[in-house]
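Reckoned from all heavy atoms, side chains included, excluding hydrogens, waters and symmetry mates.
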Amino acid sequence: MDDITPLNLEDSPKLFGLRYDQLFTLLGTVLGAMQLYTYLNPIMFGTHDLRVYLCIFIGLIGPAYCLLTLNHSTNYWETLLNFYVGNRIFCTWSRSQSSAFSSRRAVA
């Protein structure tokens, strides 16, 4: 019997319902946060240990990335960020107005 399961490699391959970039980010941040917690000495602020909160924040970066890239790839977000942050100069005047400024000569 032949296997008729479609193998669509053009679509993003998934494991546990996550794309590979999401899975690696999730595992990397959670494992990195755990390792950082064991590596750091206690950072006391009053009676609280701040390394707990720091490591929880780092560990939540992975799930936040998975939620942000749920429907779009990282290429989409990179294009979106480049649109808002990139170096662009927008000229609001028309071509005829700009030529009027260049045709004037300085009178001595």
Trainee: Restricting to non-hydrogen atoms, name the atom on Asp21 and the atom on Thr25 that form the minimum distance, rounded to 0.1 Å.
Mentor: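 Distance-wise, the nearest heavy atoms are O-OG1, 2.7 Å.
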Trainee: Look only at the side chain of Gln22 and the backbone of Tyr65, and say whether a donor-acceptor pair between them is shorter than 3.5 Å.
Mentor: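 Not confirmed, Gln22 side chain does not pair with Tyr65 backbone.
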Trainee: Arg19 side chain to Cys66 main-chain N or O, any donor-acceptor pair under 3.5 Å?
Mentor: no
Trainee: When you measure from the side chain of Asp49 to the backbone N and O of Ile43, does any donor-acceptor pair fall under 3.5 Å?
Mentor: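 Yes, Asp49 side chain to Ile43 backbone: donor-acceptor pair under 3.5 Å.
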Trainee: How long is the span from the CG atom in Leu68 to the CD1 atom in Ile61, to the nearest 0.5 Å?
Mentor: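 One gets 11.5 Å once the value is rounded to the nearest 0.5 Å.
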Trainee: Residues two or more places apart in sequence or in another chain: which of them pass side chain to side chain contact (heavy atoms under 4.5 Å, CB included) with Tyr53?
Mentor: His48, Leu50
Trainee: With sequence neighbours excluded, tell me which residues meet side chain to side chain contact (heavy atoms under 4.5 Å, CB included) with Leu36.
Mentor: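 Expected list: Leu40, Leu54, Cys55, Ile58.
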Trainee: Quick one, Val52 and Tyr37 - any side-chain contact, counting heavy atoms below 4.5 Å?
Mentor: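 Heavy-atom side-chain distance check passes, below 4.5 Å.
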Trainee: Are Asn41 and Arg51 close enough that some pair of their side-chain heavy atoms sits under 4.5 Å apart?
Mentor: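 A side-chain contact under 4.5 Å is absent here.
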